[in-house]
Amino acid sequence: MFAALARRLAGMLIVMFIVATMVFFLTRLAPGDPAALMLGEQASLADVAELRKTYGLDQPVIVQYALWLKELLRGNLGQSIFLQRPVIVAIAERAEPTFFLALLSILVATAIGVPAGIASAVWRGRASDQAVSGGAMLAASIPSFWLGLIFIQFFAVRLGWFPVAGYGPPGASFAERLYHLMLPASVLGIVNSALITRFTRASMLDVLNEDYVRTARAKGLSEARVILRHGLGNALVPIITVVGLTAALLVGGAIVTETVFGLPGIGNLVVSAVLRRDYPVIQGALIVIAGIYVLINFSIDVMYTLVDPRVKY
Amino acid sequence: MMETSVQERPLLDIRGLEVTFRTEGGDVVPVRGVDLRVEAGKTTALVGESGSGKSVTSLAIMGLLPRPYGRVSKGVAEFRRRSGAVVDLASAGQGVVRALRGNEIAMIFQEPMTSLNPVMTVGEQIAEQVRLHMALAPQAAMRHAVEMLSLVEIPDAARRAGDYPHQMSGGMRQRVMIALAMSCNPRLLIADEPTTALDVTIQAQILDLIERLRKEHSMGVLFITHNLAVVAEIADTVTVMYAGEVVEKANVRDIFHNSRHPYTAALVDCLPERARRDSNGRRIVAAIPGSVTSAAEATGCRFAPRCQRAVEACEAGSPELLVAGTGHEVRCFRWSEA
């Protein structure tokens, strides 16, 4: 068990190293110079060179890479070129809306997708199945920015139930901040529920034909218990996989949705960093997102062992 | 007078059972005109080839026909409850039959490898049923589950109750299935090919176990099999099915020594111990030529296309079940010539 865990951890570190390397060099591949961008078109070449020196951008790329990697190992993501503060602080400031948006969205998506998928499998071929399948197709086809605008127009502007945009004024309470996430989380939840619905339906259809489901019925159990305990209990592995991967995608920043709802999240941070060639911020944010990906994947694997005793490490 | 008539009734009395499946190509009738009896404390063997309707019949009794496509379209299946009350399983509501399932009527399936839930411990799978039907608290139900595992001779039952099915062999899993079936002390046990998927040595153990439990609990057993060697060992009475119909019913002795239906006779001839020797002294096991007629295309006797004794009349009309002796019925125009 410990040996397997150690192997697993080593694997995760290797993945992170590869991600770090790729992030560094891919960032450098894009044309553009942060120093020139920062000083504007009127700046003299000497000024630009001076600024490049300050941020170490005049060194050979391989040296920059070595220095960055060394700092990374010490947990230092570097200093933002434009934001005048450490990258880690810039990310931390933006983490909360992104994290809670992802969490709420995945809750909404699961709360819609899993029951809809079960109902659709249980009543396969009937009207309710077709309604669910059609709804899932529709949800998957709707662009989130469009649904976002419609929701803002209807629920925020017309009905006035929710704030139109933003994350509350400075000093807003936690409840107030969460309240600002309700509309964007509903939008992301609905859009992402489609995949979960389809996976749940397919997985349940497989399982409901199994001999042990017939055994469960032969025991005289109620149909609800047959479907939920014996059916869903065995259908969970693919469902956990798709819920986990969706969660990982959402943590990476729902850039479009954050923009539509004016949320100061990671997605916004990355976009503005890319536009300004703020290398340390781009690199740092991508490293953190990749790290969360790896951690979510790891927890998916751990959850397999919890729901299926046949899975062992 | 009411009392005695109830007492004389068999445990399970099926008359004229017909099952219809709705398919896209129209209705299919996989089982029709099935008459079948199981007496308390006795074993009735239901015999036939694959596709003869044995399993559909058993699922109809259990109320487990695949919904919404399958249904009992004719006939009655009267079951005598512990209380003495008689309930028609064919017409009773889902709730009534569900309350009997796993409780007064239990079933063992052919595939022990896939018939247990892989994500629940075997003890929990038994305890779940016990909690439901015997209204026991969780801990008492688990103790009862362990007792049932001991009853089916699983060594170290208390520890094995915590095992998952994949940690057990096929024979052990079938014992678990039997323990599950026996856990609420059923009056009727339906065993659908319970030994087919098992090694021969394990088969004998499982048969012995079912026999022992039948005697100890004076339980009626409906034993579904295609294996006549097994039938000879355990059955009191035998019902033979062919292409969805009962073709012969008799006690076990008459089936083997005085069978009246050519299909039954042919089946008995296929037993390895009946094999003839060819001129080189090698044993030749007999086979029935042809394959089962699909229920849809039959007009006359369904066995006629494969029957050595078929005459024109056999193709023209379908025979009814005719009385051929005490407790002996046969669906053949020419039974008396056998």
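Quick note on labels: first sequence line is chain A, next is B, and so on, each numbered from 1.
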Using only distance, no hydrogens or angles, which N or O donor-acceptor pairs sit under 3.5 Å between chain B and chain A?
unit_1 : atom_1 : unit_2 : atom_2 : d
B/R101 : NE     : A/R217 : O      : 2.7
B/G102 : N      : A/A218 : O      : 3.1
B/T114 : O      : A/Y212 : N      : 3.2
B/T114 : OG1    : A/D211 : OD2    : 2.5
B/S115 : O      : A/T215 : OG1    : 2.6
B/N117 : OD1    : A/N234 : ND2    : 2.8
B/N117 : ND2    : A/H230 : ND1    : 2.9
B/Q125 : O      : A/K219 : NZ     : 2.7
B/E128 : OE1    : A/K219 : NZ     : 2.8
B/E128 : OE1    : A/H230 : NE2    : 2.8
B/E128 : OE2    : A/R225 : NE     : 2.5
B/E128 : OE2    : A/R225 : NH2    : 3.0
B/E128 : OE2    : A/H230 : NE2    : 3.0
B/H133 : NE2    : A/K219 : O      : 2.7

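Contact count against chain A (heavy-atom pairs under 4.5 Å) is highest for B/M120 among B/M62, B/M113, B/M120. Interface remark: of the candidates B/P66, B/G95, B/G102, B/G102 forms the most heavy-atom pairs closer than 4.5 Å to chain A.
Each of B/D13, B/L17, B/L222 was evaluated against B/L36; a single residue qualifies, B/L222, per the side chain to side chain contact (heavy atoms under 4.5 Å, CB included) test.
When heavy atoms are compared at a cutoff of 4.5 Å, A/V213 does not approach chain B at all. Looking at B/L132, the atoms closer than 4.5 Å to chain A (heavy atoms on both sides) all sit in the side chain, from C-beta outward. Neither the backbone nor the side chain of B/I190 comes within less than 4.5 Å of any heavy atom in chain A. In this structure, chain A has a heavy atom under 4.5 Å from the side chain of B/M177, while its backbone stays farther away. Contacts of B/L100 with chain A are absent, with no heavy-atom separation under 4.5 Å from either backbone or side chain.
For B/R159, the side chain to side chain donor-acceptor pair (under 3.5 Å) partners are B/D156, not counting sequence neighbours. Partners of A/V23 according to the side-chain contact (heavy atoms from CB on, under 4.5 Å) rule, which considers only residues two or more places apart in sequence or in another chain, are A/V19, A/T27, A/Q283, A/L286. Under the rule for a side chain to side chain donor-acceptor pair (under 3.5 Å), the partners of B/D88 that lie at least two apart in sequence or sit in another chain are B/S91.
A 4.5 Å side-chain heavy-atom check between B/F79 and B/V86 finds every atom pair outside the cut-off. The side-chain heavy atoms of B/V176 and B/L149, taken from C-beta on, include a pair separated by under 4.5 Å.
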Item to complete: Give the intermediate values and the outcome of ring-ring contact (aromatic ring centres under 6.0 Å, His included) for residues A/F261 and A/F151.
Response: CA-CA 10 Å; A/F261 286 93; A/F151 270 36; 8.4 Å; no
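No more than 12 heavy atoms of other residues, nucleotides or ligands shown are found within 6.0 angstrom of CE on A/M22.
Note that the CD1 atom of A/I296 and the CD1 atom of A/I300 stand 7.0 Å from one another [nearest 0.5 Å].
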